[in-house]
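Please read all numbers here as calculations on a predicted model, not as lab measurements. Numbering of ligands and ligand atoms starts at 1, following listing order.
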Amino acid sequence: MTFHAWFECFRGCNVRHRLDQIVYRCELCGGLLEVRHDVKALRQIPPAEWKRLFDSRLGRASGVWSKKEVVLPEVEEKNIVSLGEGNSPLIKSERLAKHLGIDQIHIKQCGTSHTGSFKDLGMTVLVSSVNQIRSRIRAVACASTGDTSAALSAYCAAAGIPAIVFLPKDKVSIAQLIQPVANNAITISIDTDFDGCMRIVQEITKDSSIYLANSMNSLRVEGQKTISFEIVQQLDWQVPDFVIVPGGNLGNVSAIGNGFLLMREMGIIDRLPRIVCAQTDRANPFYRSFREDFVTFEPVTAANTYATAIRIGNPVSFGKAVKALRATNGIVEQATEAELVAACAEVDRFGFFTDPQTGVALAATIKLVKANVISPSSRVIVISTAHGLKFAEFKTKLHQGQLPEADPTLQNNLIQVPPDVAAVRAAINGRIPA
Ligand SMILES: *Cc1c(COP(=O)(O)O)cnc(C)c1O
Ligand SMILES: [Zn+2]
């Protein structure tokens with residue numbers, strides 16, 4: 001059985017390109033391209049057979065490449081650049097579900113990954129694809145709020161391809177900044193915001209020998225959509241009711257939507273979850289547009305937020321995300337700084353270590369449960385997009401009482417005592433049952 005995929009205008013213009021062509025937009029309407037799969041060929045295999053096949057590959061190192069037929073079927077094995085991405089845990093917390101008043105909550109830990117964010121899922125596909133056309137490419141470049149640059153740098157270093165990353169000055173965490181530096185990427189800090197970096201990288205990559213790695217390059221979306229396949233597989237091929245994901249440039253929410261839609265076309269599932277995109281109120285153009293039924297779209301200037309990875313005012317994948325939300329009866333919710341800080345602190349008390357972006361998704365979940373949009377009988381999946389360790393400064397400040405928005409009752413202060421047993425006993429007293 002052979003499978004086939006190609007680029008096509010996501011708005012439906014009759015424009016097609018091979019995946020080895022260096023092209024990011026439709027030449028007719030200027031819209032983004034998307035990767036289309038030969039669904040007829042995929043449907044030749046019965047759903048039960050797909051499930052058996054994917055289950056038989058569960059022990060493999062890469063969750064993305066164990067679903068190669070629905071990701072990038074024609075890439076040669078020798079060109080695949082993998083760092084063991086995907087297969088991230090789906091963690092069910094009965095205690096947290098009870099606390100929230102819903103039947104089930106599972107957190108999809110996409111940050112449990114090589115560079116600590118879901119960006120690895122897309123980057124393995126993009127860099128493998130570049131490897132396929134290596135002789136035509138001098139370098140790969142991206143603008144980043146921190147995690148894309150870490151992923152690009154790691155995969156390029158693994159493949160021996162030069163990487164160029166543009167970061168907004170003082171707007172990424174120390175962990176995020178040091179990752180590309182360590183992987184020897186050309187790391188450029190620019191005194192602007194993400195949207196400013198995005199404009200520059202689009203200029204630089206007009207030279208087609210410098211390949212663009214932002215999610216307007218739809219190859220990334222192909223890897224990221226395996227999140228949906230993994231969730232359903234991890235639920236024994238059942239469909240959740242809600243999938244909540246923090247959104248910035250809106251590539252990931254589009255990818256997750258595509259994953260569910262493709263599974264339905266393949267007959268693997270027979271219904272769709274409602275997809276919820278969660279934005280910070282400091283960078284909420286998608287939320288604003290949702291409130292107007294998506295008839296208008298106004299970019300905003302993104303303001304300062306703890307959720308730096310979604311501080312984006314002009315999301316490049318807006319149109320694709322609208323499509324994903326319309327197809328899944330989706331919702332956009334927003335969260336304030338105080339709400340995201342509280343959600344992080346609250347959920348960490350159930351054994352998680354949430355980053356601020358996931359805090360936005362959790363805050364949105366809490367709001368939708370309160371509003372009874374998420375009903376008590378629901379099975380909810382929250383996408384954790386990064387490892388909390390990448391945001392250690394944020395967590396430290398939270399617990400040191402340095403975040404003005406933080407509720408002091410959610411802080412856990414470090415207790416300093418002299419080396420004296422009585423002093424230690426006094427410190428413990430009152431914190432545990434007598
Ligand atoms: C990139 C990123 C997001 C946002 O994903 P988009 O595809 O830009 O919407 C959310 N959280 C983290 C941690 C990220 O790195
Ligand atoms: Zn078009």
- Query: So do Thr280 and Gln357 actually touch side chain to side chain, heavy atoms under 4.5 Å?
  - Reply: no

- Item | Student check: side-chain heavy atoms of Tyr306 and Leu403 closer than 4.5 Å | yes

- Note on the structure: If you scan protein heavy atoms around atom 7 (O) of ligand 1, the nearest is Asn252 N, 2.8 Å

- Item | 4.5 Å side-chain heavy-atom contact, Tyr155 and Val140 | no

- Just distances here: any N/O of Leu250 and N/O of ligand 1 closer than 3.5 Å? yes

- Message: Looking only at distances, can you tell me whether any N or O atom of Phe118, backbone or side chain, sits closer than 3.5 Å to an N or O atom of ligand 1?
- Response: no

- Query: Does the pair Lys171 and Thr145 meet the rule for a side-chain hydrogen bond (donor to acceptor under 3.5 Å, both in side chains), with working shown?
  - Reply: CA-CA 7 Å; Lys171 294 184 184 74; Thr145 54; over 6 Å; no

- To which protein heavy atom is atom 14 (C) of ligand 1 closest, and what is the distance rounded to 0.1 Å? Lys119 NZ, 2.9 Å

- Check ligand 1 against Gly247 and write out every atom of the ligand that is under 4.0 Å from a heavy-atom position of the residue. 9 (O)

- Query: Would a 4.5 Å heavy-atom cut-off, applied to side chains only, mark Val373 and Lys367 as touching?
  - Reply: no

- Please write down residue, atom name and distance for the protein heavy atom closest to atom 8 (O) of ligand 1. Asn249 N, 2.9 Å

- Please state which protein non-hydrogen atom is closest to atom 15 (O) of ligand 1 and give its distance, to 0.1 Å? Asp147 OD2, 2.6 Å

- Task: Nearest 10° is fine: what angle sits at the Zn ion (ligand 2) between SG from Cys9 and SG from Cys13?
- Result: 110°

- Message: Give me the residue, atom name and distance of the protein heavy atom closest to atom 10 (C) of ligand 1.
- Response: Ile310 CG2, 3.5 Å

- Considering only heavy atoms of Gln357, which atoms of ligand 1 have at least one such atom less than 4.0 Å away? 11 (N), 12 (C), 13 (C)

- At the Zn ion (ligand 2): angle between Cys29 atom SG and Cys26 atom SG, to 10 degrees: 110°

- Would you say the side chain of Phe290 lies within less than 4.5 Å of the side chain of Glu333, judging by non-hydrogen atoms? no

- Item | Test salt bridge (charged side-chain N to carboxylate O under 4.0 Å, His left out) applied to Asp236 and Lys51, step by step | CA-CA 9 Å; Asp236 277 331; Lys51 295 180 196 174; over 6 Å; no

- Would you say Phe297 and Phe286 make side-chain contact, with heavy atoms under 4.5 Å? no

- Message: Looking at Glu34 and Lys225, is any side-chain nitrogen of the basic one under 4.0 Å from a carboxylate oxygen of the acidic one?
- Response: no

- Query: Relative to the heavy atoms of Gly251, which atoms of ligand 1 are at a distance of less than 4.0 Å?
  - Reply: 6 (P), 7 (O), 9 (O)

- Message: Show me which atoms of ligand 1 lie under 4.0 Å from any heavy atom of Ala309.
- Response: 12 (C), 13 (C), 14 (C), 15 (O)

- In the protein, what heavy atom is nearest to atom 12 (C) of ligand 1, and what distance, to one decimal place, separates them? Thr385 OG1, 3.3 Å

